Amino acid sequence: MVLQRLVRPTVSLGQKFAPTTLPRFVRAQSTSSYENILVSSPRPGVGLITLNRPKALNALSSSLFKELNAALREYEEDKDIGAIVLTGSDKAFAAGADIKEMASLTFAEAYANNFIAPWSYLTTLRTPVIAAVSGHALGGGCELAMMCDIVYSTKTANFGQPEIKLGTIPGAGGSQRLTAAIGKSKAMELILTGSNFSGEEAEKHGLVARAFEGGNKEVLDGALDTAAKIASYSRVAVIAAKEVVNKSQDLGVREGVEYERRIFHALFGSNDQTIGMKAFAEKKKPEWTHS
């Protein structure tokens with residue numbers, strides 16, 4: 001399957017053209033072919049990945065994650081991409097892991113092959129990732145959303161960690177990230193009962209940054225707007241900001257503040273810090289070099 005994505009037009013050296021006749025982005029054939037995801041760049045500086053297993057409600061499988069990780073890696077290495085949005089469909093962000101794939105696994109197979117470890121590749125990215133969730137985000141789908149840096153959802157989205165109903169527990173970080181986001185007591189209740197909760201409740205719990213009225217279009221538009229805003233800033237500063245916020249989850253307040261200060265000091269060695277402060281003083285729009 002050949003997918004469509006937005007790419008910059010190629011212009012040869014010395015070629016003359018009128019700036020108004022050539023759009024910044026044009027639609028062209030993607031060099032990548034995927035079966036389980038769609039990739040595009042709908043806004044300047046923004047990469048979009050859409051999970052695309054509609055018949056399985058975007059159930060997560062090893063083959064899907066192989067493609068997802070490849071697309072994430074491509075965007076991470078693309079210097080024109082400053083933020084990534086991950087979404088699904090109206091019916092499902094991802095309804096869970098593909099149970100058929102794991103039902104017959106033995107302990108030796110799961111342990112020796114480090115089963116589902118590649119699912120966490122997303123958490124190693126330096127580029128910010130925003131989840132746009134509509135419909136079901138259950139089990140692995142809820143875990144995948146929580147791996148993202150920002151989670152947006154519809155108010156009617158359906159979150160949950162129902163693994164207890166299958167005689168097992170979350171295996172891709174659900175118990176850890178849900179507890180960190182909403183607290184031990186509420187996370188314990190949800191995981192031990194396998195109960196679901198809505199996007200509106202998720203926003204109240206602090207798991208979701210913003211819950212939108214409507215369906216996937218509305219939440220996706222919101223995520224793309226935020227991604228485009230992030231992508232408009234200095235890549236160096238954005239990477240640093242993501243790093244220090246993530247460090248807050250690993251360090252105490254005192255150690256975290258000291259770490260933040262060191263990164264803050266380090267940014268005075270960047271070109272973009274000079275550009276940004278000079279532009280502010282001169283009341284001009286900064287032109288970032290991302291260096």
Side-chain angles (χ1 to χ4, degrees), residues 45-47 68-69 72-86 114 116-132 142-152 170-188 202-210 223 226-281 286-291:
V46 178
L68 175 60
N69 291 348
L72 288 169
R73 189 175 300 111
E74 183 178 348
Y75 281 141
E76 175 83 341
E77 294 172 356
D78 188 338
K79 301 305 180 185
D80 290 328
I81 296 297
I84 301 167
V85 174
L86 178 62
N114 208 11
I116 78 171
W119 293 24
S120 297
Y121 172 72
L122 186 156
T123 64
T124 68
L125 300 186
R126 304 177 85 190
T127 305
V129 183
I130 303 174
C142 185
E143 290 172 307
L144 179 60
M146 291 191 291
M147 290 180 203
C148 297
D149 300 300
I150 301 171
V151 184
Y152 285 173
S175 64
Q176 306 305 299
R177 293 190 177 92
L178 189 61
T179 302
I182 69 175
K184 176 186 173 182
S185 183
K186 192 63 182 178
M188 191 73 80
E203 183 183 33
K204 292 177 181 177
H205 295 330
L207 179 65
V208 165
R210 198 183 307 174
T226 297
K229 188 172 186 178
I230 292 170
S232 73
Y233 297 134
S234 162
R235 303 276 192 275
V236 178
V238 168
I239 290 171
K242 173 174 173 173
E243 181 179 334
V244 295
V245 172
N246 281 335
K247 262 314 184 194
S248 73
Q249 304 300 294
D250 304 323
L251 302 175
V253 173
R254 179 175 178 177
E255 293 84 358
V257 170
E258 291 174 351
Y259 185 88
E260 176 193 74
R261 190 179 301 121
R262 287 195 295 272
I263 301 300
F264 170 73
H265 290 162
L267 286 176
F268 280 82
S270 73
N271 291 322
D272 281 348
Q273 175 273 331
T274 302
I275 290 167
M277 292 192 175
K278 185 174 185 291
F280 179 83
E287 297 185 4
W288 309 115
T289 63
H290 308 301
S291 63

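Fair warning: this is a prediction, and the values are worked out from it, not measured in the lab. In this chain, numbering begins with 1 at the start of the sequence shown.
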Look up atom [atom1] in [X] and atom [atom2] in [Y], then write down how far apart they are to the nearest 0.5 Å.
X: Trp288; Y: Ser232; atom1: CH2; atom2: OG; result: 9.0 Å
X: Met147; Y: Tyr121; atom1: CE; atom2: OH; result: 13.5 Å
X: Lys204; Y: Ile182; atom1: NZ; atom2: CD1; result: 14.0 Å
X: His265; Y: Glu260; atom1: NE2; atom2: CD; result: 10.0 Å
X: Cys142; Y: Leu178; atom1: SG; atom2: CG; result: 6.0 Å
X: Asp272; Y: Glu287; atom1: CG; atom2: CD; result: 11.5 Å

Test side-chain hydrogen bond (donor to acceptor under 3.5 Å, both in side chains) applied to Tyr152 and Thr226, step by step: CA-CA 10 Å; Tyr152 285 173; Thr226 297; 2.8 Å; yes
Nearest non-hydrogen partners of [X] and [Y], listed with the distance:
X: Gly82; Y: Pro128; value: O-CD, 3.6 Å
X: Ala83; Y: Ala231; value: N-CB, 4.2 Å
X: Ile116; Y: Ala172; value: CD1-N, 3.9 Å
X: Ala240; Y: Ile263; value: CB-CG2, 3.7 Å
X: Met146; Y: Arg177; value: O-CD, 3.7 Å
X: Tyr233; Y: His290; value: O-CE1, 3.4 Å

Please determine whether the number of non-hydrogen atoms from other residues, nucleotides or ligands lying under 6.0 Å from atom CZ of Arg126 exceeds 12. no
With a cut-off of 6.0 Å (strictly less than), are more than 12 heavy atoms of other residues, nucleotides or ligands near CD of Glu255? yes
Check this for me: does any side-chain nitrogen of one of Lys247 and Glu243 sit under 4.0 Å from a carboxylate oxygen of the other? no
Can you list everything that forms a side-chain contact (heavy atoms from CB on, under 4.5 Å) with Ser291? Sequence neighbours excluded, please. Asn271, Thr289
When you measure from the side chain of Ser120 to the backbone N and O of Thr123, does any donor-acceptor pair fall under 3.5 Å? no
When you measure from the side chain of Asn69 to the backbone of Pro118, do you find a donor-acceptor pair of N or O atoms at a distance under 3.5 Å? yes
Mind checking whether [X] and [Y] have side chains closer than 4.5 Å, heavy atoms only?
X: Glu258; Y: Arg261; result: yes
X: Asp149; Y: Asn246; result: yes
X: Thr127; Y: Tyr75; result: no
X: His205; Y: Lys186; result: yes
X: Leu86; Y: Leu144; result: yes

Among Val85, Ile130, Ile81, Ile84, which residue meets the side chain to side chain contact (heavy atoms under 4.5 Å, CB included) test with Val46? Val85
